[in-house]
Amino acid sequence: MSTHAVATLHQQLRKSFRALADNQRAWNSVLAECAPLLGSLGNLAEQLRALDGVQIARTPLARFPDLRDRLRCKLLQAVDVVLAKLTEKTESLQTVRDAVHGLASAAFQWYEQNADLLDLATCTLRSAAAPSIAELLEWLQDADSYYRQQFLRRRNLLQMLRPDELSELESAANWWASIDSPDGDELISEMLFRVAVFVDSG
Amino acid sequence: MEGKAPEVRRGHVTGSGRKLKDNAADWHNLALKWDRLNDAGSTYATNIVNFTLQKESGKEASLLASSGGAADAPPVQGLNPSSRELEEECVKLQDVVEKMTRVLSKMEKMASSDQGICALETFQFGDEGRPTPLFHTWSTPHFAAVSSRLCESYRQELSLKRLILQEVAHTSDPQLAMVYLSSWLHQPYTGDGDRLLLEGLLLETGHRPL
């Protein structure tokens, strides 16, 4: 029964988009937490570079011959701590990515299993209150692909960072920011806006 | 190292044990106080460096404005450097170093009191010392050794901080200034080993549950 199938799928899609909105908030809040950590990495790298650049023996600090090794050790430990925190954040990002992927694949799976009941005309039918099923599914897929790509790029960047690679640590914050995709996030916000009436109607 | 040491159960331990246990709680509290002073001092030192470099370059000190971060003091930007402000920050930093000196002096008193307890036990029990440990496993001389090792670390740290206090406002080399700030903040002479000793001390004396 096509009407019943449409109603069921609509209900499922409403849930998916509600969950997508939650996930978008979660994603952005994790990203906001990452920015200061990347800033810290840059600062620590700068401190390590300064330590390399200063000839301690020619400064008043010469009285502390083991200072360089001790300070370097402390700074590297601090880098490790920040990297560990960033790894935790990556795991949170992965959770969002997995959740969004789950939403998209569940909706598609349901559609595929019930494709016989949903003809092309039904799937492409849109109204003032609801986008078509085809559009809704496509948007979920877009969201899935956006978060998948973002996640991979961010994880790859973090995996590349090593405590002893100062220039990479220094550039990390810029690289991280360059992965930001205002268009992509805008796309998610826009689709959530376009489904707002549809989601609220259920 | 976080939070206050749990309330000491009065009356449970007496004599040398009581004294060692109280000293352990004091160690914990003094170490926390030291860390708080270190954070405050770090902010003042950062301000001093920013002022000095701004004066030198005659423009916004950009280098050290970003020396903040995870474990780092907050950056200071957009301040108009003046000798008076610089002096104020120096006085604040000096005050921090003086407070740290007082903390160290209390630590030294505790180390000396732990030594005294050792001497008393040698007098009471001979060179072998007390036949059974006062708490779980640590011998009394071990308490004294830990106290004096911790003291030594903080003494080194304070001596480095005194030097930073003297020099930090007089360097125009941004890298050296950064090393001063880094050295102040990250405390290279008190390490994980000291933190472990302190935790061990709290565990042994029952301030932390085993």
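The model shown is predicted, which means the values in this text are computed figures rather than measured ones. Quick note on labels: first sequence line is chain A, next is B, and so on, each numbered from 1.
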Under 4.5 Å from any heavy atom of chain B - which part of A:Leu48: neither
Pair A:Lys85 + A:Glu88: basic N to acidic O under 4.0 Å: no
field: Pair B:Arg195 + B:Glu199: basic N to acidic O under 4.0 Å
entry: no
query: Taking NZ, NE, NH1 and NH2 as the nitrogens, is one of them in A:Arg72 or A:Asp69 under 4.0 Å from a carboxylate oxygen of the other?
result: no
query: Using non-hydrogen atoms only, which part of B:Tyr189 is less than 4.5 Å away from chain A: side chain, backbone, both, or neither?
result: both
statement: Rounding to 0.5 Å, atoms OG1 (B:Thr137) and NE2 (B:His142) come to a distance of 7.5 Å
- prompt: So, for A:Leu137 and A:Ala107, which heavy atoms are closest and what is the spacing to 0.1 Å?
  reply: CD2-CB, 3.8 Å
query: Can you tell me how far the CG atom of A:Leu157 sits from the CZ atom of A:Arg154, to the nearest 0.5 Å?
result: 8.5 Å
task: Could you tell me which portion of A:Gln55 (side chain, backbone, both or neither) has an atom closer than 4.5 angstrom to a non-hydrogen atom of chain B?
output: neither
field: Short N-O contact, B:Lys92 and B:Glu89, less than 4.0 angstrom
entry: yes
message: Shorter than 4.5 Å, heavy atoms on both sides: which option in A:Leu51, A:Val81, A:Asp66, A:Ile56 has the most such pairs with chain B?
response: A:Asp66
message: Distance alone, cut at 3.5 Å: any donor-acceptor contact between the side chains of B:Gln187 and B:Trp34?
response: yes
field: Under 4.5 Å from any heavy atom of chain B - which part of A:Arg63
entry: side chain
message: Given heavy-atom pairs under 4.5 angstrom as the criterion, report whether the side chain, backbone, both or neither of A:Asp52 touches chain B.
response: neither
message: Under 4.5 Å from any heavy atom of chain B, what part of A:Leu41 do you find: side chain, backbone, both or neither?
response: neither
query: Going from CG on A:Leu93 to CG on A:Leu158, what distance comes out if it is rounded to the nearest 0.5 angstrom?
result: 8.5 Å
field: Proximal to chain A - members of residues 158-170 of chain B, heavy-atom separation under 4.5 Å
entry: B:Ser159, B:Leu160, B:Leu163, B:Glu167
